[in-house]
Number of protein chains: 2
Amino acid sequence: MADSKKDELKQQVIIGAREYGIGSVLFRHMVGEKLGVNVTDMECLGLIFLKGLATPSELGRYAGLSSGATTAMLDRLEKSGLIERRPNPNDRRSTLIAIVQARAAQIAPLFASLRQAQDALLSSYSEAELEVLVDFFRRSVVMWEEEREKLSKKQTEE
Amino acid sequence: MADSKKDELKQQVIIGAREYGIGSVLFRHMVGEKLGVNVTDMECLGLIFLKGLATPSELGRYAGLSSGATTAMLDRLEKSGLIERRPNPNDRRSTLIAIVQARAAQIAPLFASLRQAQDALLSSYSEAELEVLVDFFRRSVVMWEEEREKLSKKQTEE
DNA sequence: CTCTATAATCAAGATACTTGATTTTCGAGA
DNA sequence: TCTCGAAAATCAAGTATCTTGATTATAGAG
């Protein structure tokens with residue numbers, strides 16, 4: 001029981017990270033409601049916001065969609081004027097999805113308070129502490145990638 | 001530009017946290033594939049795993065489902081033998097959803113490597129550093145809650 | 001002890017998703 | 001350079017999932 005305190009802290013981090021994810025998912029759902037888009041479309045829209053540009057394949061992979069469903073999802077978002085399909089200069093089979101600039105300005109207010117709150121929260125940490133956070137996320141992202149790789153190779157044994 | 005370094009760190013934390021969430025979503029999708037359940041059902045299953053017990057309302061809220069879709073989702077998971085509905089002693093209108101123990105043992109191997117990797121990653125931090133992480137998540141969870149509250153009250157003005 | 005609100009369920013109709021085929025382009029190798 | 005298998009996006013038909021509105025049962029406020 002020597003390390004029980006550290007073990008407990010580790011457990012709290014794991015659960016805390018999961019709850020953080022849940023909180024952010026619920027927030028995006030609510031934004032989606034305001035925008036009148038469904039859960040799938042909102043998740044993709046969120047990813048496009050984060051990345052600036054994204055390919056359909058990428059979005060489909062993230063949302064767990066087939067290629068057909070991905071096309072349909074983009075059709076919906078395009079029809080509602082939220083995104084646009086642009087040519088992908090690196091691959092003419094593909095397209096690049098972007099937020100329509102005019103709509104982005106209308107959407108921004110929904111995130112204004114969030115941004116402020118996030119900024120205020122993070123400002124309370126020292127640079128050294130922030131670096132701990134950055135380091136944790138950076139290494140974790142790599143870990144998730146590795147674990148997906150392992151899982152995909154794992155046979156559905158017995 | 002005095003605080004540009006700290007500002008950049010803050011930005012990296014925000015993006016890092018989002019990418020962490022994306023990584024974990026993709027991982028769960030893959031687990032869902034292995035188990036033969038769709039994305040919605042897998043997200044709910046993940047939440048049940050985290051919480052131990054959950055009510056249908058809670059799961060529906062998390063997955064962004066109507067009450068009817070929630071019932072259907074539970075029917076599917078129940079029929080596939082993954083979860084069971086138990087009476088809720090605190091509210092007889094409700095039920096408590098739990099993982100079927102026998103199946104939990106079969107599912108655990110899918111998470112074994114992940115748990116190890118998470119443990120190894122977190123072990124590399126000092127207790128003080130872990131406390132920074134725990135604190136960040138704890139406060140962020142509250143922030144998400146507050147921001148959802150604000151957003152729900154926000155009129156779709158102009 | 002009402003009465004309103006909330007939890008879960010169900011059935012019918014609407015929406016979104018999967019599958020398989022098609023078109024276009026990429027990139028590896030002869 | 002040219003071929004050819006693979007990958008990106010799209011489409012149409014069939015299937016699965018979701019929403020809506022009604023229903024039943026219970027909780028909790030007054």
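In what follows, chains carry the letters A, B, and so on, assigned in the order in which the sequence lines appear, proteins first and then strands, with residues in each chain numbered from 1. The model shown is predicted, which means the values in this text are computed figures rather than measured ones.
Contact record, A/Tyr62 with B/His29: O-CE1, 2.9 Å, taken as the closest heavy-atom pair.
The CZ atom of B/Arg76 sits 17 Å away from the P atom of D/dT15 (whole-angstrom rounding). Note: CG (B/Leu59) to P (C/dT9) measures 11 Å, nearest angstrom. The CG atom of B/Asn38 sits 12 Å away from the C1' atom of C/dT18 (whole-angstrom rounding). Between B/Asp75 atom CG and C/dA11 atom P the separation is 11 Å, expressed in whole Å. For A/His29 and D/dC18, the NE2 to P distance is 12 Å, given to the nearest whole Å. Summarising the geometry, the separation between NZ on B/Lys79 and P on C/dT9 is reported as 15 Å, rounded to the nearest angstrom. Distance CE (A/Met73) to C1' (D/dT10): 13 Å, rounded to an integer number of Å. Distance CG (A/Asp91) to C1' (D/dA7): 8 Å, rounded to an integer number of Å.
Taking the ring centroids of B/Phe49 and B/Phe111, they lie under the 6.0 Å cut-off.
In this structure, A/Asn88 reaches neither bases nor backbone, as no heavy-atom distance under 4.0 Å exists between it and the strands shown. Counting non-hydrogen atoms under 4.0 angstrom, B/Gly64 reaches the backbone sugars and phosphates but no base. Within the nucleic acid shown, B/Arg85 comes within 4.0 Å of sugar-phosphate atoms alone, with no base atom in reach, counting heavy atoms only. Among the protein residues, B/Thr70 comes within range of no part of the nucleic acid, since none of its heavy atoms lies under 4.0 Å from any strand. Nucleic acid contact for A/Thr40: sugar-phosphate only, since backbone atoms but no base atoms lie under 4.0 Å from a heavy atom of the residue. At the heavy-atom level, B/Ser94 lies under 4.0 Å from the strands shown only through sugar-phosphate atoms.
When the nearest nucleotides of DNA chain C are assigned to B/Ala69 and A/Asn90 by heavy-atom distance, the more 5′-ward of the two goes with B/Ala69. Closest-nucleotide positions on DNA chain C for A/Arg92 and A/Asp41 were compared, and the one nearer the 5' end corresponds to A/Asp41.
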(request) Take B/Ile97 and B/Thr55 through the test side chain to side chain contact (heavy atoms under 4.5 Å, CB included) and record every step on the way to the result. (result) CA-CA 6 Å; B/Ile97 309 302; B/Thr55 66; over 6 Å; no
(message) Show, in sequence, the C-alpha distance, side-chain angles and deciding distance for B/Lys153 and B/Glu149, and conclude whether the salt bridge (Lys or Arg N to Asp or Glu O under 4.0 Å) test is met.
(response) CA-CA 7 Å; B/Lys153 280 179 178 149; B/Glu149 184 63 21; 3.2 Å; yes
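Taking the side chain of B/Leu65 as heavy atoms from C-beta on, and the options C/dA7, D/dC11, D/dT19, the nearest nucleotide is D/dT19.
A cation-pi arrangement is found for A/Arg139 relative to B/Tyr125, the charged atom lying closer than 6.0 Å to the ring centre and inside a 45° cone about the ring normal.
At a cut-off of 3.5 angstrom, counting only N and O atoms as typed in the model, there is a donor on one side and an acceptor on the other between the side-chain of B/Ser67 and the base of C/dT9. Put simply, the side chain of A/Arg93 and the base of D/dA7 share a donor and an acceptor less than 3.5 Å apart.
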